[in-house]
K.L.:
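To start, I am sharing the structure in question, which I have written as C-alpha cells.
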Protein chains: 2
Amino acid sequence: MTLDRLAASPQADRERAERILAAARELLTAWGYKRVTVDEIARRARIGKGTVYLHWKTKQALFAELLRRDLHKALGDVAADVGQDPSAALPGRLVREVFLRQAGDPVIRAVHAGDSEILGALAVSPNGVPVIQELGFHALLARLVEVWRAHGLVAVTAPAADQIYTIDAVLTGFITGGIAVPGEGLRPDHRADLLSHTIKAALETSAEPDEASLRAAARDVLAALIAARDALVA
Amino acid sequence: MTLDRLAASPQADRERAERILAAARELLTAWGYKRVTVDEIARRARIGKGTVYLHWKTKQALFAELLRRDLHKALGDVAADVGQDPSAALPGRLVREVFLRQAGDPVIRAVHAGDSEILGALAVSPNGVPVIQELGFHALLARLVEVWRAHGLVAVTAPAADQIYTIDAVLTGFITGGIAVPGEGLRPDHRADLLSHTIKAALETSAEPDEASLRAAARDVLAALIAARDALVA
DNA sequence: TGGATGACCAAATTTCGAAATTGGTCATCC
DNA sequence: GGATGACCAATTTCGAAATTTGGTCATCCA
C-alpha cells in the first residue's frame, strides 16, 4: 500500500517507513486516531511532514496499513501456534489464542472492541462498514467453522450460521467484559481459559477427535489463517 | 421513593404519578435521558411542571424510580416463570428469560448494555458506579450461582467467581451482539436459544437433575429473585 | 537533479462569550 | 392548601472568530 515512488535506496526507504509506522503506533495507542497529527508523527520519526506523504496518500491510509500490519502479524502468530501443535486448531484453543492476541495488543483490541475512541475515522470504512468486517474477520470465522464441521470437530447438527454467531457473541462478550461484575479481578490468561472452556463446551463434539482428523483439520485451519493473513496485503 | 406529601386523594395522587411515569418512559426511549425535559414530561401528563416536583425531588429521582419499576416487573415476571415451571430455574433457561426481557424492553436493554446515550446521567450513580451494579444485579447473579451449586445444577469443580464472570460475559456478548457478524439476521428468541445452549453447555452438570433437587433449587431461585426484586423498593 | 522539506492553503476543529434552555423554586391563585 | 407557571441560577447551545490540521508544492540542497 506504500506509494510507488523511488527513494534514496529501497533499503533506507523501507526503514524510514517503519520508523513512521512505529511513531504512528505509539501515538495511536496513547492518544487515539483523532488527536494524532501527521506533524507529530513526522516529528517523532525525525523527518519533514511532506515526507510522510511520499509513503502514504493520506493519514487514513497510513493508519490502515498500521492496522493491517498488526493483524497480519497476529494471524501469522496464531497460524504458527497451529503449525506447532495441531490441537491448537480446536475451536476452544483457537479462540483462546485470538483472545490473548487482542489482550496483548491495544490496536487489535480496539479493532475487536470496535473502539471508536481509539480508531476514530478508521472504525468504519468510507462505506460505513466496521473495519473488522472490512478486514475479513467474518469471512475467516465462517471458513473456520466450515473446516471444523468438515472434520467433525464441531457438531453438524446445529446450523453453521448459529455457531458463527455464537462464537462472535461469546468472544465479544469476553473482550468487552461483562457489565455486572465489578473490577477486573481476573488475569487475562485466566479469562482466556474461561472463554476457551465456554467455546469448547458450546460447540465442540463430546468425543475426543482422533489424531488423524485433528491433524487434517489443523492443516486446513492453518491454510485458512494464512489465506486470511495474505488477503490483508491485497 | 415518592415524596411524602398529602394530595387531593391518595387514589388520584397515585394515578397522577403513574401518568407522569408513563410520559417519562415514552420520552426516555424516544429521546434519551438528556434530551427529555421535565417541562415536556409535565405537558404530556397534562399537569404543571411544579407538580412533577410534588412527586419527586429531582429529575434523576423520577427516572431512577422508572428504572426500578421496570426492573421490578421484569424480575417478578421471571420469578413467575420459575414458579410455573421448576425447570425454568436452570441456568440456561433462566438466562434465556433474562435475555428476552431486555430484548423486549428498551429501558432494561439500556441498563444491561450500559447505554449511556439513553441512560444519560443515570448510567452511573453519583458515586461513579454503573447503575446495573447499583441495582444489585451482581449480587443476584452471585446468589443464583450459589444456589445452583448447592443443588448440584452446576459443577462445583470450577470456582463460583469464574462461573459468575462467564455468565456475565456471555450474556453481555449476546446482548450487545458480536462485532464481526453483519446485520441481525437472527430473531431474538432464536438468539435466546443460542445463549441458553451456551450457558447450559458451559456450566450445567451433564447429568439430568432429579425432580426433587430441581424443585428444591427452583424454590431457592424463586426466593432469590423475589428478594432481589423487593430489594429494589428499599 | 530528484528526493526531502516546511511554508502555505483550504477545510475542519476549537474557543469562548452571548443567547437560549432547563432543572428546580415559590409566590400566587383557585 | 394543592396546583401552577413565572421566575432564577446554572447549564447547554450557538456561532463567529481564531486556531489547528490534512494535504500540496515551490524551493532547496546533496
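Order of the sequence lines fixes the chain letters, A, B, ..., with proteins taken first and strands second; residue numbering starts at 1 for each chain.
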K.L.:
Can a side chain N or O of B:Thr51 be found less than 4.0 Å away from OP1 or OP2 on D:dT4?
P.N.:
yes
K.L.:
Counting C-beta onward and ignoring hydrogens, is there a side-chain heavy-atom pair between B:Phe174 and B:Thr198 closer than 4.5 Å?
P.N.:
yes
K.L.:
What is the pairing partner of C:dC30, taking Watson-Crick or G-U wobble pairs with both distances under 3.5 Å in any strand?
P.N.:
D:dG1
K.L.:
Using a strict threshold of under 4.0 Å (side-chain N to carboxylate O), is an ion pair present between B:Arg69 and B:Glu65?
P.N.:
yes
K.L.:
With a 4.0 Å cut-off on N to O distance, would you call B:Glu97 and B:Arg93 a salt bridge?
P.N.:
no
K.L.:
Distance check needed: D:dG22 P versus A:Arg35 CZ, whole Å only.
P.N.:
13 Å
K.L.:
Return the value, rounded to whole Å, for the distance between atom OH of B:Tyr33 and atom C1' of D:dT11.
P.N.:
13 Å
K.L.:
To the nearest Å, give me how far apart CZ (A:Arg43) and C1' (C:dT5) are.
P.N.:
14 Å
K.L.:
How close or far is atom P of D:dG23 from atom NZ of A:Lys57, stated in whole angstroms?
P.N.:
11 Å
K.L.:
What contact category does A:Val36 fall into here, base, sugar-phosphate, or nothing, at under 4.0 angstrom with non-hydrogen atoms?
P.N.:
sugar-phosphate
K.L.:
Just how far, in rounded Å, is P of C:dT22 from NZ of B:Lys34?
P.N.:
11 Å
K.L.:
Please determine, for the side chain of B:Lys49, which listed nucleotide (D:dA3, D:dA6, C:dG6) has the closest atom?
P.N.:
D:dA6
K.L.:
Would you mind reading off the distance between B:Phe63 atom CZ and C:dG24 atom P, rounded to a whole angstrom?
P.N.:
11 Å
K.L.:
What is the distance, to the nearest angstrom, from the CG atom on B:Leu62 to the P atom on C:dG23?
P.N.:
11 Å
K.L.:
Would you say B:Arg16 and B:Thr51 make side-chain contact, with heavy atoms under 4.5 Å?
P.N.:
yes
K.L.:
Is there a side-chain contact between A:Arg16 and the phosphate of C:dG3, meaning an N or O under 4.0 Å from OP1 or OP2?
P.N.:
no
K.L.:
Among C:dA4, C:dT22, C:dG24, find the nucleotide with the atom closest to the side chain of B:Thr37.
P.N.:
C:dT22
K.L.:
Are there more than 12 heavy atoms of other residues, nucleotides or ligands under 6.0 Å from atom CZ of A:Arg14?
P.N.:
no
K.L.:
Nearest-Å distance, NZ (B:Lys59) to P (D:dT12)?
P.N.:
10 Å
